[in-house]
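Working notes for the structure below.
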Amino acid sequence: MKDGSLPGPTGRRWGVTDVVARLDDVAARLRDDSRPMPVAVVEAAIDLIPGARWGTITVQDGPGFRSLVVSDELAQRLDNLQYDLGTGPCLDAIRDRRPYHIPDLRTDDRWPDYSAGAEALGVRSIFAQPLHLIDAAHTIASLNLYADREGAFTESWDSDQAVVLATFASMGTSVAVSRGRAEQLEAALRTNREIAMAIGVLMGRHMITRETALNLLRLASQHLNLKMSVIADRVVTTGELPFQPSA
């Protein structure tokens with residue numbers, strides 16, 4: 001916008017002061033909440049936006065989708081319906097990287113199968129706002145709001161509030177996704193280190209090659225139906241393979 005303002009309720013323009021006030025309002029709510037930021041954002045969205053009854057944050061990482069945050073079981077069902085169908089406003093918000101607004105599911109024909117299923121669950125209108133994450137080249141997300149009445153999300157007032165909330169949701173989701181990846185990497189490194197130690201124990205105890213020791217761990221894992229990391233931990237702890245293969 002040339003004047004630096006945003007459209008507000010009943011045609012009024014949002015100035016910089018309005019935006020800052022809205023950001024301060026959301027920030028205050030998040031500071032008072034001990035839960036992770038993405039969870040607090042979804043709850044704040046439901047509280048702040050008139051008509052919003054359910055909310056979720058959907059994350060795409062690779063070819064699939066998952067719900068990072070859901071307000072309740074019904075919200076999860078609404079997300080799962082899109083995942084099962086492979087289509088819906090929230091998924092398209094991620095794919096197209098633009099918001100989708102459905103004033104009334106009964107008159108919208110863009111996602112007929114999803115609309116029918118969501119309507120059967122009591123939903124009448126939906127707003128999906130894409131989240132621009134730090135690692136946007138690999139992970140995309142969407143803040144999704146559901147209402148049980150038509151016209152719950154107007155194109156001007158509530159959409160702008162959703163954009164403000166999406167700013168916080170983007171930051172919180174980026175942190176959550178990055179932390180999850182770091183934890184997965186750390187777990188993988190721990191597992192690899194444990195397996196390497198177990199291979200060393202077996203090589204030293206039985207005077208066998210590294211390849212033979214690794215094959216013994218794999219064989220024990222398959223025979224006992226346990227992860228190789230569990231077998232490796234037992235070898236490191238006891239010095240013995242918890243399964244003796246037949247000669």
Side-chain angles (χ1 to χ4, degrees), residues 30-31 33-43 56-73 75-77 79-80 82-86 90-91 94-95 97 130-143 168-247:
L30 300 183
R31 283 196 299 269
D33 201 313
S34 61
R35 281 159 290 186
M37 186 184 288
V39 175
V41 167
V42 169
E43 293 181 350
T56 70
I57 292 178
T58 293
V59 173
Q60 179 185 21
D61 196 357
F65 298 88
R66 62 185 174 89
S67 299
L68 180 68
V69 177
V70 295
S71 59
D72 57 21
E73 183 181 353
Q76 182 69 74
R77 292 174 65 187
D79 275 6
N80 287 344
Q82 294 189 72
Y83 306 156
D84 292 341
L85 293 171
C90 306
L91 302 193
I94 292 175
R95 290 165 174 153
R97 303 193 183 190
L131 306 179
H132 303 288
L133 307 187
I134 296 173
D135 191 14
H138 302 90
T139 304
I140 309 297
S142 174
L143 172 64
F168 288 93
S170 296
M171 292 186 294
T173 302
S174 294
V175 170
V177 169
S178 297
R179 182 181 295 122
R181 287 177 175 169
E183 290 173 351
Q184 290 174 1
L185 178 59
E186 184 179 352
L189 291 173
R190 284 199 305 268
T191 296
N192 290 339
R193 187 164 52 245
E194 196 80 1
I195 291 174
M197 291 172 62
I199 288 174
V201 169
L202 293 175
M203 289 174 65
R205 189 173 183 84
H206 301 288
M207 301 301 292
I208 57 178
T209 66
R210 184 182 186 281
E211 183 178 358
T212 300
L214 179 58
N215 286 336
L216 285 174
L217 289 175
R218 288 172 176 162
L219 186 62
S221 174
Q222 294 170 3
H223 182 79
L224 299 175
N225 195 28
L226 294 172
K227 291 183 178 179
M228 197 154 68
S229 59
V230 175
I231 301 297
D233 179 68
R234 293 187 183 180
V235 171
V236 172
T237 302
T238 67
E240 297 288 346
L241 194 68
F243 162 70
Q244 296 302 320
S246 58

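The structure presented is a predicted model; accordingly, all values stated were derived computationally and were not measured.
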What heavy-atom pair brings [X] and [Y] nearest, and what distance separates the two atoms?
X    : Y    : value
A141 : V59  : CB-CG2, 4.1 Å
Q76  : Y83  : NE2-CE1, 4.5 Å
A75  : V70  : CB-CB, 4.3 Å
A198 : V236 : N-CG2, 3.7 Å
L131 : I140 : O-CG2, 4.5 Å

All salt bridge (charged side-chain N to carboxylate O under 4.0 Å, His left out) counterparts of R210, not counting sequence neighbours: none
Residues forming a salt bridge (charged side-chain N to carboxylate O under 4.0 Å, His left out) with R205, sequence neighbours excluded: E240
Point-to-point distance, once rounded to the nearest 0.5 Å, from CG of N215 to CD1 of I199: 9.5 Å
Partner set under side-chain hydrogen bond (donor to acceptor under 3.5 Å, both in side chains) for Q222, not counting sequence neighbours: none
Residue list, side chain to side chain contact (heavy atoms under 4.5 Å, CB included) with [X], at least two apart or on another chain:
X    : value
T209 : E211, T212
S229 : T191, K227
S221 : M228, I231

Check: Q82 side chain, C90 main-chain N or O, donor-acceptor pair, under 3.5 Å: yes
Criterion side chain to side chain contact (heavy atoms under 4.5 Å, CB included) on T58 and Q60, from CA distance to verdict: CA-CA 7 Å; T58 293; Q60 179 185 21; over 6 Å; no
Stepwise side chain to side chain contact (heavy atoms under 4.5 Å, CB included) test for L143 and V42: CA-CA 8 Å; L143 172 64; V42 169; 4.2 Å; yes
